[in-house]
Amino acid sequence: QLQLVESGGGLVQPGGSLRLSCVVSGGTFNYLALGWFRQAPGKEREGLSAISSTGGHTNYAESVQGRFAMSRDNGQNTVYLQMNDLNPDDTAVYYCAARPFGGLSEIVPRLRPADFGSWGQGTQVTVSS
């Protein structure tokens, strides 16, 4: 059973940066496509980015394109989300999610919660002055 643990959230001023990390255990990391999502109070969970199991392909939501960058380290079983130029609208709980494939794959899942089967517990990001 996959376990995902996010870290790196916190309070940051507008215009600042944060890097989130998600360590994955309990499965074959190299066979997992991964995604980052967020959920603000009273809003639906929003897909931000996804990366193929090889790391060769990524996809981003328009709301974060050019500001956020997703990467993975298959040797450390870790996926990252570098977030730059943060603004108050980025305040939310951030989640990483995993979708297994049968092997290495270049497929990038769509940014929909239903396309991912395993989730972390989330980490809070607050952007405020």
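We use all heavy atoms of the structure for the numbers below, so side chains are in, but hydrogens, waters and symmetry mates are not.
Within 6.0 Å of CZ on Phe101 lie more than 12 heavy atoms contributed by other residues, nucleotides or ligands. Counting non-hydrogen atoms of other residues, nucleotides and ligands closer than 6.0 Å to CD of Gln3 gives a total of 12 or fewer.
For Gly120 against Tyr95, the heavy-atom pair with the smallest separation is O-CD2, 3.6 Å. For Gly35 against Phe116, the heavy-atom pair with the smallest separation is N-CE2, 3.5 Å. Across all non-hydrogen atoms, the minimal contact from Met70 to Val79 is CE-CG2, 3.5 Å.
Residues Val12 and Val64 fall within the same hydrophobic cluster, defined by Ile, Leu, Val, Met, Phe, Trp and Tyr side chains chained together at heavy-atom separations under 4.5 Å. There is a path of hydrophobic side-chain contacts, each under 4.5 Å, that joins Leu4 to Ile51. Criterion: ILVMFWY side-chain heavy atoms under 4.5 Å apart, direct or through other members. Under it, Tyr60 and Tyr80 are not part of a common hydrophobic cluster. No continuous path of ILVMFWY side-chain contacts below 4.5 Å connects Tyr94 to Phe37, so the two sit in separate hydrophobic clusters. Phe29 and Val108 are members of different hydrophobic clusters when ILVMFWY side chains are connected at heavy-atom separations under 4.5 Å.
Atom SG in Cys22 sits 5.0 Å away from atom CD in Glu6 (nearest 0.5 Å). Gln65 contributes atom CD, which lies 9.5 Å from atom OG of Ser63 (distance to the nearest 0.5 angstrom). Taking OG1 of Thr28 as the reference point, atom CG of Asn77 lies at 9.5 Å (rounded to 0.5 Å). Going from atom OG1 of Thr78 over to atom CG of Leu34 covers 10.0 Å, rounded to the nearest 0.5 Å. Note that CG of Leu111 is 7.0 Å distant from OG of Ser49, once rounded to the nearest 0.5 Å. Taken from OG in Ser52 to CG in Asn59, the straight-line distance is 11.0 Å, to the nearest 0.5 Å.
When atom types are taken as modelled, the side chain of Ser118 and the backbone of Ala98 share no donor-acceptor pair closer than 3.5 angstrom. At least one donor-acceptor pair under 3.5 Å links the side chain of Thr91 to the backbone N or O of Val127.
Scanning for salt bridge (Lys or Arg N to Asp or Glu O under 4.0 Å) contacts around Glu46 gives Arg38, with sequence neighbours left out.
Side-chain contact, Thr54 with Glu106: a donor N or O sits under 3.5 Å from an acceptor N or O.
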| request: Under the side-chain contact (heavy atoms from CB on, under 4.5 Å) rule, what do Thr123 and Ser7 come out as? Steps first, then yes or no, please. | output: CA-CA 6 Å; Thr123 185; Ser7 62; 5.7 Å; no
| task | Could you go through the side chain to side chain donor-acceptor pair (under 3.5 Å) check for Ser53 and Asn30 one step at a time? | result | CA-CA 6 Å; Ser53 66; Asn30 291 10; over 6 Å; no
| request: Determine, stepwise, if the pair Ser128 / Leu11 fulfils side-chain contact (heavy atoms from CB on, under 4.5 Å). | output: CA-CA 7 Å; Ser128 175; Leu11 175 64; 4.1 Å; yes
| said: Run the side-chain contact (heavy atoms from CB on, under 4.5 Å) test on Leu32 and Leu2 for me, step by step, so that the C-alpha distance in whole Å, both residues' side-chain angles and the decisive distance to 0.1 Å come before the verdict. | reply: CA-CA 10 Å; Leu32 300 175; Leu2 288 175; 3.9 Å; yes
| task | Step by step, work out the side-chain contact (heavy atoms from CB on, under 4.5 Å) result for Met83 and Leu20. | result | CA-CA 8 Å; Met83 306 187 296; Leu20 305 183; 3.8 Å; yes
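For residues 54-73, the pairs satisfying salt bridge (Lys or Arg N to Asp or Glu O under 4.0 Å) are Arg67-Asp90, with sequence neighbours left out. The salt bridge (Lys or Arg N to Asp or Glu O under 4.0 Å) pairs that include a residue from residues 111-123 are Arg110-Asp115, Arg112-Asp115, where partners are two or more places apart or lie in different chains.
The shortest distance between side-chain heavy atoms of Trp119 and Pro113 falls below 4.5 Å.
Between Trp36 and Phe68, the ring centre distance reaches or exceeds 6.0 Å.
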